[in-house]
Undergrad: 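I have a structure here, written as structure tokens, and I will follow up with some questions on it.
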2 protein chains.
Amino acid sequence: MPAAKSLEPASYVVLGMLRLGARSGYDIKRAVDVSTRFFWTISPAQIYPNLRRLERAGLVRGRSEPRGRRPRRLYELTSEGEGELAAWLRRDEPLTWELRDAGTLKLFFADALEPAEAAEVLAGIRRRSERFLERMRHEIHPAAVAVEEVEGHAFPLVSLRLGIAVHQAMVDTCRQLERELTARV
Amino acid sequence: MPAAKSLEPASYVVLGMLRLGARSGYDIKRAVDVSTRFFWTISPAQIYPNLRRLERAGLVRGRSEPRGRRPRRLYELTSEGEGELAAWLRRDEPLTWELRDAGTLKLFFADALEPAEAAEVLAGIRRRSERFLERMRHEIHPAAVAVEEVEGHAFPLVSLRLGIAVHQAMVDTCRQLERELTARV
DNA sequence: TAGGACATGTAATGCGTTACATGATTAT
DNA sequence: ATAATCATGTAACGCATTACATGTCCTA
């Protein structure tokens, strides 16, 4: 019997990364660090127990490949796992969207500051997004392009374009608001 | 001696909401629900203990105003609290930005789907942001405008404009990507 | 052959939410 | 007068991170 109830998101990250070619828990951790981290983080303590559970559920198949006396386990997706992943992707359900943003939080309370100081809060938010854009464009983007060309996976790049667009909008809007604020002084 | 080390973000939400006119823990909860919730959530279980701690630290002053036999406590900011809030707003520090977005996560793995199904994932993300925009423009925005006009607090509206810009960018980018995807079929 | 980086995992801790408990006020 | 809603809080639980423990491989 396939998984009776739907899995937690972290499990789908594991399944998805296996599908994209990861074989070990460590592979998954590294892949997350340069990709989904920007919209969904998971930690080692979620990855390894999840692999075991998914194996018991028949969604992945694992085998031991110790390195010397050090245990080590490699995994691959079963066809059941592939099906479960696709079913999740197709499932029409509420998509969680949760943000924790200390920048916008400070901005919200910035009436307690002088206008010049409030402008500095805006500038801090803008610089943060500029740094995000820098990293996305120069570190992540080339890797995503390579993955598309070599492995034929197009959607990591698509999701990156969405992230870039969001931070570009942050930068543009901050600039606009900074102008309005200095104009008022 | 004023607070030796800097507080957690939830404490600044409490201080900030008191400054904006909230008097009780419940006031703070309601204010959060219609404003900072979109970029920083806190729950009752964080609010009430925080008020007690802030009172012990001398940053807020509380008094009992029971309703019948039901205990009830009202608070106001002390000048020390006002100073601590402003110091945090001025402090130049790394601004956390963390997102949990199941939509972009699905999009990242959408190579496992047919193009038409992947377009449906994009459409789901777009509709979610359209609903956000709807609520921000029709529920939150009027309230923020009223707060600006009546109380003179301008920055709740500024932070809202930032949030609207982000979701508008999501909508625009999804539309563009949907077009590209259907063009490829 | 020693030091550092790579790799694999686990345990403990802490934080925040969910659910609950309780009482007052309002509406019907 | 009864239900529904407003209001004030707390306790327990669960999840996810931080820190740690350990072994292997590379390199100088």
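As the structure is a prediction and not an experimental result, all values here were calculated from the model. Throughout, a chain's letter reflects where its sequence line sits, starting with A, and its residues are numbered from 1.
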Undergrad: Within this structure, what is the CG-to-P distance between Leu74(A) and dT8(C), rounded to whole angstrom?
TA: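 So the two atoms are 8 Å apart, to the nearest Å.
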
Undergrad: Answer yes or no: does a side-chain N or O of Thr41(B) lie under 4.0 Å from OP1 or OP2 of dT17(C)?
TA: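 Yes.
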
Undergrad: Nearest whole Å is fine: how far is dC15(C) C1' from Gln46(B) CD?
TA: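 In whole Å, dC15(C) C1' lies 8 Å from Gln46(B) CD.
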
Undergrad: Send over the distance from Asn50(A) CG to dT10(C) C1', rounded to a whole Å.
TA: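 For the pair Asn50(A) CG and dT10(C) C1', the rounded distance is 15 Å.
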
Undergrad: Counting distance only, does the side-chain N/O of Asp111(B) pair as donor-acceptor with the main-chain N or O of Phe155(A) below 3.5 Å?
TA: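 Side chain of Asp111(B) to backbone of Phe155(A): a pair is present.
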
Undergrad: Quick one: Glu98(A) CD to dC15(C) C1', roughly how many Å, whole number?
TA: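 In whole Å, dC15(C) C1' lies 15 Å from Glu98(A) CD.
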
Undergrad: Take Pro49(B) and Pro44(A), find for each the nucleotide of DNA chain D with the closest heavy atom, and name the residue whose nucleotide sits nearer the 5' end.
TA: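 First, find each residue's nearest nucleotide; the 5'-ward one identifies Pro49(B).
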
Undergrad: Send over the distance from Arg37(A) CZ to dT17(D) C1', rounded to a whole Å.
TA: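 Roughly 15 Å, once rounded to whole Å.
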
Undergrad: Select one nucleotide: of dG16(C), dG9(C), dT17(C), the one nearest the side-chain heavy atoms of Glu8(B).
TA: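 It is dG16(C).
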
Undergrad: Would you say a side-chain N or O of Ser24(A) is under 4.0 Å from OP1 or OP2 of dT8(C)?
TA: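 So the side-chain polar atoms of Ser24(A) do come within 4.0 Å of the phosphate oxygens OP1 or OP2 of dT8(C), strictly under.
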
Undergrad: So Pro71(A), base contact, sugar-phosphate only, or nothing? Heavy-atom distance under 4.0 Å.
TA: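 Since only primed, P, OP1 and OP2 atoms lie under 4.0 Å of Pro71(A), the category is sugar-phosphate.
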
Undergrad: Rounded to whole angstrom units, what separation is found between the CD1 atom of Ile47(B) and the C1' atom of dA11(D)?
TA: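 Atom-to-atom, Ile47(B) to dA11(D), this comes out as 17 Å.
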
Undergrad: Where the side chain of Arg67(A) is concerned, which of dA24(C), dT24(D), dA16(D) is the nearest nucleotide?
TA: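 Looking only at side-chain atoms, Arg67(A) lies closest to dT24(D).
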
Undergrad: Kindly point out which of dT18(D), dT18(C), dA16(D) is positioned nearest to the side chain of Ala45(A)?
TA: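 Of the options given, the side chain of Ala45(A) lies nearest dT18(D).
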
Undergrad: Can a side-chain donor-acceptor contact be found between Gln176(A) and Asp172(A) if the only test is distance below 3.5 angstrom?
TA: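 Not at all, the side chains of Asp172(A) and Gln176(A) share no donor-acceptor pair under 3.5 Å.
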
Undergrad: At under 4.0 Å between heavy atoms, what does Arg52(B) touch on the DNA or RNA strands: base, sugar-phosphate, or nothing?
TA: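 No contact.
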
Undergrad: In terms of the angle between their ring planes, are Phe132(B) and His167(B) parallel, tilted or perpendicular, with boundaries placed at 30° and 60°?
TA: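 Answer is parallel, since the angle falls under 30°.
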
Undergrad: Could you state the atom-to-atom distance from CG of Leu51(A) to P of dT10(C) in whole Å?
TA: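 Atom CG in Leu51(A) sits about 11 Å away from atom P in dT10(C).
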
Undergrad: Could you check how far CG of Asp27(A) sits from P of dT8(C), rounded to whole Å?
TA: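 After rounding, the gap between these two atoms is 7 Å.
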
Undergrad: From the list dT17(D), dT25(C), dA7(C), which nucleotide is the closest neighbour of the side chain of Arg30(A)?
TA: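 The closest nucleotide is dA7(C).
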
Undergrad: When you compare the side chains of Ser64(A) and Arg73(A), does any donor N or O come within less than 3.5 Å of an acceptor on the partner?
TA: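 Side chains of Ser64(A) and Arg73(A): pair found under 3.5 Å.
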
Undergrad: With a 4.0 Å cut-off on heavy atoms, is Gly68(B) in touch with a base, just the backbone sugar-phosphate, or nothing at all?
TA: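 Sugar-phosphate contact only - Gly68(B) comes under 4.0 Å of backbone atoms but never of a base.
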
Undergrad: Nearest to the side chain of Arg100(B), heavy atoms from C-beta on, is which of dA16(D), dT17(C), dG9(D)?
TA: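 So the nucleotide nearest the side chain must be dA16(D).
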
Undergrad: For Ile42(A) and Arg69(A), find the nucleotide of DNA chain D closest to each by heavy atoms; which residue's nucleotide sits nearer the 5' end?
TA: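 Its nucleotide being nearer the 5' end, the pick is Ile42(A).
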
Undergrad: Output yes when Arg100(A) and Glu98(B) qualify as a salt bridge under the 4.0 Å nitrogen-oxygen rule, no when they do not.
TA: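 Not counted as a salt bridge, because no side-chain N and carboxylate O are separated by less than 4.0 Å.
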
Undergrad: For the side chain of Arg70(A), starting at C-beta, report the closest nucleotide among dA7(D), dT22(D), dG16(C).
TA: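 Nearest to the side chain of Arg70(A) among the choices is dT22(D).
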
Undergrad: Look at Arg61(B) together with Glu55(B) and state whether they make a salt bridge at an N to O cut-off of under 4.0 Å.
TA: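 So Arg61(B) does not pair with Glu55(B) through a salt bridge.
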
Undergrad: Nearest of dC25(D), dT17(D), dT8(D) to any side-chain atom of Tyr26(B)?
TA: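 Side chain of Tyr26(B) sits closest to dT8(D).
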
